Amino acid sequence: ADPCLYFKWINNQLTIWLTWVDDCLTVGRKQIVLAEVEKMKRLYDCDDVGELKEYVGCKVDRTEDSIKLTQPVMIQSFRDEFDLDFSGHQPRTPGEPGSVLQKGEERNLMPKDEQKKFRKGVGKLLHMMRWTRPEILNSVREVSRYMSGAIESHMLAMKRIMKYVVTTLNRGLTLKPKRKWNGSPDFEFELTGKSDSEYAKDESRRSVNGWSTFLEGAPISMRSKMMPIVALSVTEAELFSAVLCVQDMMFAMRVLNAMGLKVKLPMILEIDNKGAKDLVSNWSIGGRTRHIEVKQYFLRELREAGILKVIWTSGDDMAS
């Protein structure tokens, strides 16, 4: 299911290898991992850098029951390279509440050297939002829309995100599953998802979808993406986000299944729009929703097969 994942069962114990360009990470029982590393070193000219402390630019802090990912080196680069002003009030949110960035006129574009600096900063934030700071996803998505032509307000928005990150530098992505795997291939892992949407977000009137998937309560993917089409209703936008979330859940299920592991069915998807929930759960259909039937039927078929269960959750409890 994933071309960068390799696995092997040794004495009924699972050992996993992950590759990232020329970096390899192996996970499993300590004695088995050490033996497999020695085999790898005989096959390839490679360095064993020991226990996992850092991977792909992320610092890895492990406890008995959790893993926390942070990027202190990148946060320091924000301070060193982007002239951040920390005098006065510091932002408590990555984006300004209630505001939407607008496209600037050509005569207001920043000089080339400032444009280059803006693109560099957004590139760093894109890496950070993906791996350690999911709460900046939507704000970074917004500034990334202006990489080819930024104005001063876009630069200020980017620096606001950086200042927010610097002033909350101890935050990071914490993976803390609610249950501990006993190592058995008969164990049923719980995969869940949360999806949400913000309707008709900016002047393009395209909605923004947000969704997250969780393995045993630990977040394994978080996304924020503007819809490629204009949704004609809040329900349609919510349904679009639900489909994207379910696709991520299905991928995670296939990865686990490919390694010989089991997933508890049905998987639970939480959405905060009753219209979208009812469309997934009810086979009756009205003419005004025919244009979104394909997405409805995709989710309905999974529900009918016992793979998926959709439940309503209050918007106040919707992390996505």
Side-chain angles (χ1 to χ4, degrees), residues 18-25 47 49-63 66-104 106 108-175 210 219 221-226:
L18 298 173
T19 61
W20 181 284
V21 192
D22 61 346
D23 289 313
C24 294
L25 164 66
D47 298 319
V49 295
E51 187 178 346
L52 183 68
K53 302 289 185 182
E54 184 181 343
Y55 193 64
V56 199
C58 299
K59 182 184 176 187
V60 182
D61 293 307
R62 296 168 57 201
T63 66
S66 69
I67 295 175
K68 183 179 179 181
L69 305 176
T70 55
Q71 291 174 280
V73 174
M74 185 171 290
I75 291 177
Q76 186 59 45
S77 76
F78 294 163
R79 287 181 176 273
D80 297 341
E81 300 175 28
F82 292 93
D83 306 317
L84 302 180
D85 180 11
F86 290 97
S87 63
H89 176 73
Q90 299 306 315
R92 298 179 61 186
T93 56
E96 187 175 341
S99 69
V100 179
L101 294 180
Q102 304 288 342
K103 184 178 181 180
E106 192 167 343
N108 295 327
L109 297 183
M110 294 187 298
K112 284 188 177 181
D113 58 335
E114 289 293 290
Q115 295 282 356
K116 184 177 179 180
K117 189 174 183 179
F118 177 79
R119 288 194 293 269
K120 180 181 180 181
V122 173
K124 286 175 175 283
L125 288 170
L126 285 167
H127 190 276
M128 178 165 280
M129 75 171 194
R130 175 70 179 85
W131 298 112
T132 62
R133 299 296 292 265
E135 84 272 30
I136 68 172
L137 268 163
N138 191 51
S139 297
V140 177
R141 174 203 60 78
E142 196 164 32
V143 294
S144 69
R145 297 181 62 208
Y146 304 102
M147 299 278 264
S148 61
I151 58 175
E152 187 62 30
S153 62
H154 301 154
M155 177 69 87
L156 292 174
M158 183 197 75
K159 288 187 174 181
R160 178 193 171 101
I161 302 171
M162 288 183 173
K163 287 194 286 186
Y164 165 80
V165 170
V166 171
T167 55
T168 55
L169 56 86
N170 291 323
R171 287 190 181 181
L173 181 62
T174 301
L175 309 176
S221 73
M222 299 73 62
R223 309 290 175 93
S224 177
K225 185 179 180 181
M226 181 168 279

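Bear in mind that the values here come from a model prediction, so they are computed numbers and not experimental data.
- A 4.5 Å side-chain heavy-atom check between Glu152 and Leu156 finds at least one atom pair inside the cut-off.
- A donor-acceptor contact closer than 3.5 angstrom links the side chains of Thr93 and Arg160.
- Between Trp131 and Trp20, the two ring planes are perpendicular [angle over 60°; tilted spans 30° to 60°].
- Between the side chains of Thr168 and Arg133, at least one donor N or O lies within less than 3.5 Å of an accepting N or O.
- Heavy atoms only, all atoms of each residue included: Leu137 and Ser224 are closest at CB-CB, 3.9 Å.
- Stacking of Arg79 on the aromatic ring of Phe86 is recorded, both the 6.0 Å distance cut-off and the 45° axial limit being met.
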>> Could you go through Tyr164 and Glu135, starting from their C-alpha distance and side-chain angles, then the distance that decides it, and tell me whether this counts as side chain to side chain contact (heavy atoms under 4.5 Å, CB included)?
In response: CA-CA 11 Å; Tyr164 165 80; Glu135 84 272 30; 3.1 Å; yes
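- Shown here is Lys225, whose NZ atom has no more than 12 heavy atoms of other residues, nucleotides or ligands within 6.0 Å.
- In summary, Arg62 and Glu51 engage in a salt bridge, as defined by a charged side-chain N under 4.0 Å from a carboxylate O.
- With hydrogens and angles ignored, the 3.5 Å screen pairs no side-chain donor or acceptor of Asp47 with any backbone N or O of Val49.
- Annotation for Leu173 and Pro134: closest pair CD1-CG, 4.0 Å, computed over non-hydrogen atoms.
- Taking 4.0 Å as the cut-off between side-chain N and carboxylate O, Glu114 and Lys112 do not count as a salt-bridged pair.
- To the nearest 0.5 Å, the span separating SG on Cys58 from NE2 on His127 amounts to 5.5 Å.
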